[in-house]
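Here's the structure we're looking at; comments come further down.
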Amino acid sequence: MPKQFQSGEDDRRGGITKRGPAVLRKLLVQCAWCMLRYNRWARAVFDRLSRGKARRKRAVVALARTVLVRCWAMLRDNQPWRPDPEPAAATA
């Protein structure tokens with residue numbers, strides 16, 4: 001869970017903390033690395049987040065969190081995996 005810093009109009013989120021099950025975090029990151037090889041959606045998200053070689057590990061952690069959020073939404077809504085989510089703003 002990221003730390004949050006607020007002051008006036010500034011709202012910054014800090015680094016990801018080491019809260020929660022360590023094994024789950026490790027498995028999610030390993031799944032994210034594997035997805036980079038076989039999933040075009042994951043590669044596009046990773047390329048957008050990494051901005052070059054300097055941020056590769058941070059981008060993989062962010063991708064792992066994104067995958068976790070999408071998996072939770074799939075379980076909650078009983079929906080299959082959709083590689084390219086439809087933007088909600090475009091339908092309104």
Side-chain angles (χ1 to χ4, degrees):
M1 180 163 198
K3 295 178 183 177
Q4 188 171 8
F5 302 97
Q6 292 180 329
S7 174
E9 294 180 7
D10 293 336
D11 185 13
R12 297 181 293 118
R13 302 209 192 292
I16 294 178
T17 62
K18 294 183 179 180
R19 294 177 62 186
V23 173
L24 179 62
R25 283 195 314 273
K26 291 173 187 175
L27 286 174
L28 284 168
V29 170
Q30 290 301 318
C31 289
W33 279 116
C34 189
M35 284 182 76
L36 290 177
R37 286 192 281 174
Y38 303 109
N39 192 304
R40 288 186 310 204
W41 169 82
R43 174 54 73 175
V45 171
F46 174 78
D47 290 341
R48 180 177 53 85
L49 292 171
S50 66
R51 290 186 264 154
K53 292 186 177 184
R55 298 175 47 98
R56 287 178 52 91
K57 290 182 181 177
R58 290 184 75 173
V60 167
V61 172
L63 174 63
R65 182 188 182 281
T66 304
V67 169
L68 177 64
V69 168
R70 289 187 71 178
C71 288
W72 174 249
M74 287 169 42
L75 286 171
R76 181 191 63 210
D77 301 336
N78 196 22
Q79 296 290 321
W81 175 269
R82 290 186 316 228
D84 299 321
E86 300 165 7
T91 59

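- A continuous path of hydrophobic side-chain contacts links V67 to W33 [ILVMFWY only; heavy atoms under 4.5 Å].
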Next item on the list: Go through V60 and L36 one step at a time and tell me if the side-chain contact (heavy atoms from CB on, under 4.5 Å) criterion holds.
Entry: CA-CA 9 Å; V60 167; L36 290 177; 4.1 Å; yes
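- Grouping the Ile, Leu, Val, Met, Phe, Trp and Tyr side chains by contacts below 4.5 angstrom, directly or via other members, places M74 with V45.
- Note: L49 CG to R58 CZ = 10.5 Å, rounded to the nearest 0.5 Å.
- Annotation: the span from R55 atom CZ to S50 atom OG amounts to 8.5 Å, rounded to 0.5 Å.
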Note to self: Apply side-chain contact (heavy atoms from CB on, under 4.5 Å) to residues F46 and N39 and explain how you reach the verdict.
What the structure shows: CA-CA 11 Å; F46 174 78; N39 192 304; over 6 Å; no
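- In this structure, CG on L63 lies 10.0 Å from CZ on R48, to the nearest 0.5 angstrom.
- Partners of R43 under the salt bridge (Lys or Arg N to Asp or Glu O under 4.0 Å) rule, at least two apart in sequence or in another chain, are D47.
- Residues L28 and W41 do not share a hydrophobic cluster, defined by chaining ILVMFWY side chains whose heavy atoms lie under 4.5 Å apart.
- The distance from the CH2 atom of W81 to the CZ atom of R70 is 4.0 Å, given to the nearest 0.5 Å.
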